[in-house]
*Asks:* 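Input: one structure, supplied below.
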Amino acid sequence: MSNHEASYDFIREIIADDLKSGKHSFIKTRFPPEPNGYLHIGHAKSICLNFGIALHFNGLCNLRFDDTNPSKEDVEYVESIKEDVRWLGFDWDDREYYASDYFDQLFEFAVQLVRKGKAYVCSLSQEQIREYRGTLTEPGRNSPYRDRSIEENLDLFQKMKAGVFKDGEHVLRAKIDMASPNMNMRDPTIYRIKHVAHHRTGDKWSIYPMYDFTHCLSDALEKITHSICTLEFENNRPLYDWVLDTLETDCHPQQIEFARLNLNYTVLSKRRLIQLVEGGHVSGWDDPRMPTLSGIKRRGYTPESIRNFCDRIGVSKRDSIVDMELLEFSVREDLNRHAPRFMAVLNPVKVVIVNYPENLTEELEAVNNPEDASMGKRKVPFSRELYIDRDDFRETPPKKFFRLSPGREVRLRYAYYITCREVIKDKDTGEIIEIRCIYDPETRGGWSKDGRKVKGTIHWVCASQCLRAQVRLYDRLFTASNPLEKKDGVDFKDYLNPNSLEVLDDCPIEPGLKDLSPGSNCQFERQGYFCVDIKDSRPEYPVFNRTVTLRDTWAKIERRGKK
RNA sequence: UGGGGCGUCGUCAAGCGGUAAGACACAGGAUUUUGGUUCCUGCAUUCGGAGGUUCGAAUCCUCCCGCCCCAGCCA
């Protein structure tokens with residue numbers, strides 16, 4: 001973008017215009033989650049957008065809980081939401097609001113609507129209301145209660161509030177147009193009776209306002225300038241405007257819709273995520289395979305990488321499915337710069353250096369992060385018996401394989417050149433149980449004075465000095481790129497990847513790893529980025545979660561060879 | 001068959017009548033004590049389709065096609 005300015009997304013463009021034209025001099029947005037589930041990466045897009053816009057234009061973004069349906073909501077969710085937004089790196093200061101804080105004002109607004117003759121108490125049953133509503137192609141019919149007097153409506157509505165009626169006996173409806181081609185305008189319900197305790201207001205209310213009535217007024221009360229929401233609310237915008245226009249509020253925010261995030265190989269809807277949790281397909285909302293922010297965090301993703309990802313995907317009105325690899329690229333990019341490197345062997349096979357002294361242990365120097373010299377160096381113990389990864393040895397090496405094999409010399413990272421001399425196998429199973437090598441004492445540190453080159457460098461861990469750890473290898477949760485693709489009676493859960501988690505126990509790891517605290521990221525050299533599990537890791541037996549593998553060109557070459 | 005939206009590279013996405021940005025992915029190559037990183041190079045003669053307007057169209061007009069959303073006392 002050398003010649004042109006970085007282009008705004010269409011929302012920032014609208015806002016910049018509003019600022020330029022003088023329509024607004026101060027920008028205010030809000031992030032309005034309903035506390036009925038955990039936040040996921042899709043919400044991160046909205047959070048980054050709303051808070052990002054406020055930051056960008058020097059405005060403010062409120063956090064507002066849209067808690068108008070007590071039967072679905074819970075404080076557990078509000079706590080997790082606050083934690084996740086903070087984790088992502090955004091701050092709402094003291095601007096933590098709840099739609100439920102506005103219940104009194106909302107009630108008054110509803111009374112005003114009734115007084116204006118723009119709302120009425122309807123006593124049709126739920127089924128009748130549905131019948132009267134008509135269909136997409138046929139207009140609805142007016143409710144027989146549509147023309148109740150203002151006095152009667154007022155009286156009935158007060159009684160609804162007072163709790164004299166049972167759930168479902170009456171509702172308050174906006175009086176708009178039963179023939180509107182927009183279903184949302186066919187006298188939408190704005191208040192319903194619910195004898196349910198609310199997580200904040202307790203049993204004060206027996207009626208609760210509906211979303212369409214609550215959201216626009218909450219926005220107006222908070223003096224929001226731009227109310228950004230997802231595409232499916234586009235049909236609700238006329239109603240949003242109708243309520244504010246009819247009530248003649250002194251603030252009329254502009255609702256702008258953008259396309260929600262979809263990611264391949266996963267699902268992003270609370271409804272479906274809750275099925276995975278309740279069905280026991282994952283260990284909980286924060287299972288590292290979940291696209292929830294708590295899951296992603298536990299997986300080892302950094303807030304920085306999520307924010308970068310959200311910048312990269314852009315904002316538009318097109319329904320789209322973003323490639324998971326873009327998310328993975330974003331973490332790799334961040335972790336490559338920041339994660340300290342260590343050596344760990346996931347699938348160990350023993351290597352004995354036959355010409356190395358029996359009882360010697362050396363301390364070899366290793367670089368903590370080749371991308372950042374300020375991260376320093378560390379000592380790694382080395383002795384006669386080591387572990388290397390089984391994948392790094394082939395008895396009969398395929399073409400282009402330049403790791404260890406009989407007669408071949410490779411470099412042990414930061415240590416010595418070794419040459420394989422003998423392979424010991426289990427008599428019965430034929431499994432390789434030990435690889436015998438000789439080392440060249442002149443190559444200490446991994447250099448040879450004679451300039452001799454080795455093709456491969458492999459990682460290793462000292463057998464006598466290593467720690468043991470559990471390593472959890474995570475893979476995509478679904479086998480289908482779009483688990484929601486419509487197919488004859490196939491449920492998205494049918495595409496769950498049975499191999500999305502592989503648990504490896506007693507993996508030999510470099511002793512320096514014991515100092516990492518829960519939640520810390522690191523790289524296991526040549527393998528991937530890992531983090532210490534926040535819940536299950538113990539000093540005596542650490543647990544590492546694989547965040548993402550390193551790019552693996554060898555695997556690609558090998559795969560190609562097989563095809 | 002009502003209404004509201006949306007169709008630009010494999011995936012996102014710029015483009016706002018002057019001759020198709022960028023990112024990821026992919027493919028080559030260089031450098032490398034991570035087959036990592038980094039660095040080069042390549043990757044839409046064409047913008048859902050067909051017409052039209054114009055000196056000039058992805059951008060304007062017309063028609064057509066495809067996809068998404070709406071019939072909760074959910075949000």
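Only a predicted model underlies this, so the values are computations on that prediction, with no experimental measurement involved.
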*Asks:* Would B:rG22 be called syn or anti here, given the cut-off of 90° from 0?
*Replies:*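 Anti, since the glycosidic angle lies more than 90° from 0.
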*Asks:* Taking the six-membered ring for Trp and the single ring otherwise, decide whether the centroids of A:Tyr439 and A:Tyr416 are under 6.0 Å apart.
*Replies:*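 Yes, they do, as the ring centres are separated by less than 6.0 Å.
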*Asks:* Are side-chain heavy atoms of A:Leu239 and A:Ile176 found at a separation under 4.5 Å?
*Replies:*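 In contact.
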*Asks:* With a non-hydrogen cut-off below 4.0 angstrom, is A:Ser448 in contact with a base, only sugar-phosphate, or nothing?
*Replies:*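 Nothing, no heavy atom under 4.0 Å.
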*Asks:* Please say whether more than 12 non-hydrogen atoms of neighbouring residues, nucleotides or ligands are located less than 6.0 Å from CG in A:Asp372.
*Replies:*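 Above 12, so yes.
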*Asks:* So what does A:Gln527 touch, heavy atoms closer than 4.0 Å: a base, only the sugar-phosphate, or nothing?
*Replies:*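 Nothing, no nucleic acid heavy atom in range.
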*Asks:* Please classify the nucleic acid contact of A:Ile313 as base, sugar-phosphate, or nothing, using heavy-atom distances under 4.0 Å.
*Replies:*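 Counting heavy atoms under 4.0 Å across all strands, the contact made by A:Ile313 is with sugar-phosphate only.
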*Asks:* So A:Thr135, base contact, sugar-phosphate only, or nothing? Heavy-atom distance under 4.0 Å.
*Replies:*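 Since a base atom lies under 4.0 Å of A:Thr135, the category is base.
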*Asks:* For the residue pair A:Phe478 and A:Phe492, does the interplanar ring angle fall in the parallel (under 30°), tilted (30 to 60°) or perpendicular (over 60°) class?
*Replies:*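 Judged by the thresholds at 30° and 60°, the geometry between A:Phe478 and A:Phe492 is tilted.
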*Asks:* Is there a Watson-Crick or G-U wobble partner for B:rC43 with both distances under 3.5 Å, and which nucleotide is it?
*Replies:*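 Base partner found: none.
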*Asks:* Choose from B:rG35, B:rG36, B:rC74 the nucleotide whose nearest atom is closest to any side-chain atom of A:Ile557.
*Replies:*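 Looking only at side-chain atoms, A:Ile557 lies closest to B:rG35.
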*Asks:* Tell me whether the count of non-hydrogen atoms from other residues, nucleotides or ligands lying under 6.0 Å of CZ in A:Arg260 goes above 12.
*Replies:*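 No, the 6.0 Å shell around CZ holds no more than 12 heavy atoms from other groups.
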*Asks:* Using atom CZ of A:Arg272 as one end and atom P of B:rC74 as the other, report the distance to the nearest whole Å.
*Replies:*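 It works out to 20 Å between those atoms.
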*Asks:* Quick check: do A:Pro370 and A:Arg341 have side-chain heavy atoms less than 4.5 Å from each other?
*Replies:*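 Yes, side chains in contact.
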*Asks:* Across all strands, who's sitting opposite B:rG2 as a Watson-Crick or G-U wobble pair, both distances under 3.5 Å?
*Replies:*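 In the structure as shown, B:rG2 has B:rC70 as its Watson-Crick or wobble partner.
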*Asks:* Rounded to whole angstrom, note down the P distance from B:rU37 over to B:rG28.
*Replies:*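 So the two P atoms sit 16 Å from each other.
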*Asks:* Both distances under 3.5 Å, Watson-Crick or G-U wobble: report the partner of B:rG7, or none.
*Replies:*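 Pairing partner, where one exists within any strand: B:rC65.
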*Asks:* What integer number of Å spans the C1' atoms of B:rG66 and B:rG48?
*Replies:*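 Nearest-Å result for B:rG66 against B:rG48 at atom C1': 7 Å.
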*Asks:* At 4.0 Å (heavy atoms only), tell me whether A:Tyr191 reaches a base, stays on the sugar-phosphate, or touches nothing.
*Replies:*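 A:Tyr191: no heavy atom of the nucleic acid under 4.0 Å.
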*Asks:* Does A:Tyr208 reach a base, just sugar-phosphate, or nothing at all? Heavy atoms under 4.0 Å.
*Replies:*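 Nothing, no heavy atom under 4.0 Å.
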*Asks:* From the options B:rC74, B:rU34, B:rU37, select the nucleotide whose nearest atom is closest to the side chain of A:Lys194.
*Replies:*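 Nearest listed nucleotide: B:rC74.
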*Asks:* Taking the nucleotide of RNA chain B with the closest heavy atom to each, which residue, A:Arg332 or A:Glu371, is nearer the 5' end?
*Replies:*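 Final value for this comparison: A:Arg332.
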*Asks:* Return the nearest nucleotide to the side chain of A:Ile321; candidates are B:rC12, B:rC68, B:rG72.
*Replies:*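 Among B:rC12, B:rC68, B:rG72, the one nearest the side chain of A:Ile321 is B:rC12.
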*Asks:* How many Å lie between CG on A:Asn236 and C1' on B:rG3, as a whole number?
*Replies:*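 That distance rounds to 13 Å.
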*Asks:* Select one nucleotide: of B:rC26, B:rG2, B:rG72, the one nearest the side-chain heavy atoms of A:Lys556.
*Replies:*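 Given the options B:rC26, B:rG2, B:rG72, the side chain of A:Lys556 is closest to B:rC26.
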*Asks:* C1' atom, B:rC12 versus B:rA50: distance in rounded Å?
*Replies:*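 About 29 Å, rounded to a whole number of Å.
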*Asks:* If each of A:Met183 and A:Phe524 is mapped to the nucleotide of RNA chain B with the nearest heavy atom, which maps nearer the 5' terminus, i.e. the 5' end?
*Replies:*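 Nearest nucleotide further toward 5': that of A:Phe524.
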*Asks:* CG of A:Leu231 versus C1' of B:rC68: gap in Å, rounded?
*Replies:*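 My rounded result for the distance is 8 Å.
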*Asks:* Closest approach to the side chain of A:Lys317, judged atom by atom: which nucleotide of B:rC74, B:rG5, B:rA13 is it?
*Replies:*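 Out of B:rC74, B:rG5, B:rA13, the nucleotide with an atom closest to A:Lys317's side chain is B:rG5.
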*Asks:* Tell me what A:Arg130 touches on the nucleic acid: a base, only sugar-phosphate, or nothing, going by heavy atoms under 4.0 Å.
*Replies:*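 Here A:Arg130 touches the backbone only, sparing every base.
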*Asks:* Closest to the A:Thr137 side chain: B:rG72, B:rC69, B:rU1?
*Replies:*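 For the A:Thr137 side chain, the nearest candidate turns out to be B:rU1.
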*Asks:* Tell me which nucleotide, if any, is Watson-Crick or G-U wobble paired with B:rC60 when both distances must be under 3.5 Å.
*Replies:*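 Its partner is B:rG52.
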*Asks:* Please give the distance between the P atoms of B:rC16 and B:rU59 as a whole number of Å.
*Replies:*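 After rounding to an integer number of Å, I get 12 Å for this pair.
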